[in-house]
Number of protein chains: 2
Amino acid sequence: MAGQSDILRRLGRAVTRGREEILRILAESPLPLTPRGIRDKFTDPKPDAATVYRNLALLSSLGLVRSVALHERSRRYEATEVGAHRHRVVCRSCGRIEAFPARECDLSRIENDIRSRLGFRVTDHSLEFFGKCPGCLGKGNRP
Amino acid sequence: MAGQSDILRRLGRAVTRGREEILRILAESPLPLTPRGIRDKFTDPKPDAATVYRNLALLSSLGLVRSVALHERSRRYEATEVGAHRHRVVCRSCGRIEAFPARECDLSRIENDIRSRLGFRVTDHSLEFFGKCPGCLGKGNRP
DNA sequence: GCGCAACTTGCAAGTCTTTTGCAAATGCAA
DNA sequence: TTGCATTTGCAAAAGACTTGCAAGTTGCGC
Ligand SMILES: [Mn+2]
Ligand SMILES: [Mn+2]
Ligand SMILES: [Zn+2]
Ligand SMILES: [Zn+2]
């Protein structure tokens with residue numbers, strides 16, 4: 001059941017500490033992480049930033065991780081779960097991020113429209129909500 | 001009906017060529033544009049890039065423009081339309097972007113869930129679809 | 001285990017996007 | 001028109017990635 005490492009081997013890519021750790025770190029994180037945040041979670045010796053970027057690109061291309069575009073300075077990554085995906089809520093006041101499994105996410109009507117009107121074949125989507133978290137709602141604070 | 005310039009004046013912000021042009025350029029663009037793309041559409045003399053960034057930040061904070069996070073190197077911006085918003089489809093092969101008005105977009109069930117389960121008050125969302133455009137579907141080409 | 005070829009990594013340099021300080025230019029209300 | 005706050009250009013800097021290259025690892029067959 002070493003699933004993901006097998007995928008790497010099967011494709012002729014080496015299984016290295018960097019790759020296994022990235023997968024583990026992301027699988028254990030409740031939130032998508034930035035490349036920087038991922039690197040910070042390594043125990044020493046930490047890999048070079050370039051290696052983290054290269055491995056995220058590789059794992060992305062294999063579908064093992066997925067990048068998330070919130071409206072931030074840096075991109076974030078999350079582990080992909082088989083047959084599932086997540087949506088996110090971002091607090092515009094404090095930046096807090098919550099991710100939640102997208103059960104019964106039905107965007108098929110929209111996807112069908114896209115197919116028939118624009119001719120695009122949609123393979124996936126990303127949906128983010130923005131607003132205020134409970135903490136920031138409480139004390140009426142910084143916009 | 002010079003609406004947006006009025007909003008600027010009312011808030012004590014100057015109405016400058018840079019600001020008016022950014023609003024006009026975005027209003028006329030069928031796609032969200034990058035800061036660089038916006039600057040390129042100015043007739044000479046073009047404003048400095050720093051000015052474009054500063055003005056986009058200002059107009060965003062006033063709600064006159066909105067940033068769109070596609071999975072690209074640079075952020076994009078679009079003009080906000082009153083009581084309307086758009087969704088986008090991005091081709092993973094050639095990068096083509098199509099934006100379309102989100103008529104009858106009903107994410108209220110999800111937003112209610114977010115409200116009751118997480119306590120977030122959602123003010124807006126962003127929804128992007130990814131897949132292949134008709135052109136790239138035709139000729140089975142570069143992934 | 002050993003050895004080699006292929007693949008990976010660290011490091012340093014480079015690119016691209018976005019931010020910031022500051023003085024000169026401009027907008028605007030009086 | 002004047003006066004002052006706001007805005008802009010310019011140059012420098014910060015950040016987020018990317019790339020070349022030599023040294024270090026991994027996968028595999030022996
Ligand atoms: Mn979904
Ligand atoms: Mn919508
Ligand atoms: Zn908050
Ligand atoms: Zn395409």
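Protein chains get the first letters and strands the later ones, always in sequence-line order, with residue 1 at the start of each.
- The stretch residues 56-66 of chain A has no heavy atom under 4.0 Å from DNA chain C, so no residue of it qualifies as close.
- The CZ atom of R75(A) sits 12 Å away from the P atom of dT17(C) (whole-angstrom rounding).
- For the pair T80(B) (side chain) and G63(B) (backbone), a donor-acceptor distance under 3.5 Å is present.
- Between the side chain of R39(A) and the main chain of P47(A), a donor-acceptor pair closer than 3.5 Å is present.
- When rounded to the nearest whole Å, the span between CZ of R10(A) and P of dC28(D) equals 12 Å.
- Note: H85(B) and H125(B) meet the aromatic proximity criterion, with ring centroids under 6.0 Å apart.
- Side-chain proximity of A14(A) to the nucleotides dG9(D), dC28(C), dC7(C) is greatest for dC7(C).
- The phosphate of dT17(C) (OP1 or OP2) has no side-chain N or O of S74(B) nearer than 4.0 angstrom.
- Residue L56(B) comes nearest to V65(B) through the heavy atom pair O-CG2, 4.0 Å, listed as atom of the first residue, atom of the second, then distance.
- Taking both residues in full, the closest heavy atoms of D44(B) and R17(B) are given as C-NH2, 4.2 Å, listed atom of the first, atom of the second, then distance.
- A heavy-atom distance below 4.5 Å is found between the side chains of F129(A) and L107(B).
- Computed from coordinates, the K46(B) NZ to dG9(D) P distance equals 12 Å when rounded to whole Å.
- One can find a donor-acceptor pair under 3.5 Å joining the base of dG10(C) and the side-chain atoms of R54(A).
- One interatomic measurement links the two molecules: NE2 of H71(B) to C1' of dC17(D), which rounds to 16 Å at whole-angstrom precision.
- Atom CZ of R17(A) and atom C1' of dC7(C) are 18 Å apart (whole Å).
- At most 12 non-hydrogen atoms from other residues, nucleotides or ligands lie less than 6.0 angstrom from CZ of R121(A).
- Closest-nucleotide positions on DNA chain D for A50(A) and R13(A) were compared, and the one nearer the 5' end corresponds to A50(A).
- Place R73(B) and D48(B) on DNA chain C by their nearest nucleotides, and R73(B) ends up nearer the 5' end.
- Straight-line distance from the CD atom of E72(B) to the P atom of dC16(C): 16 Å, rounded to whole Å.
- The nearest whole Å value for the distance from the CG atom in N55(B) to the P atom in dT19(C) is 13 Å.
- Heavy-atom neighbours of R36(A) CZ from other residues, nucleotides or ligands within 6.0 Å: at or below the threshold of 12.
- Between E98(B) and F120(A) there is a side-chain heavy-atom pair separated by less than 4.5 Å.
- Of all heavy-atom pairs between E128(B) and E128(A), the closest is OE1-OE1, 4.1 Å.
- In this structure, the CG atom of L11(A) is 19 Å from the P atom of dT26(D), given to the nearest Å.
- A heavy-atom distance below 4.0 Å to DNA chain D is reached by none of the residues of residues 18-40 of chain A.
- Residue whose closest nucleotide on DNA chain C sits further toward the 5' end, between T16(A) and V15(B): T16(A).
- The phosphate of dC17(D) (OP1 or OP2) has a side-chain N or O of Y53(A) nearer than 4.0 angstrom.
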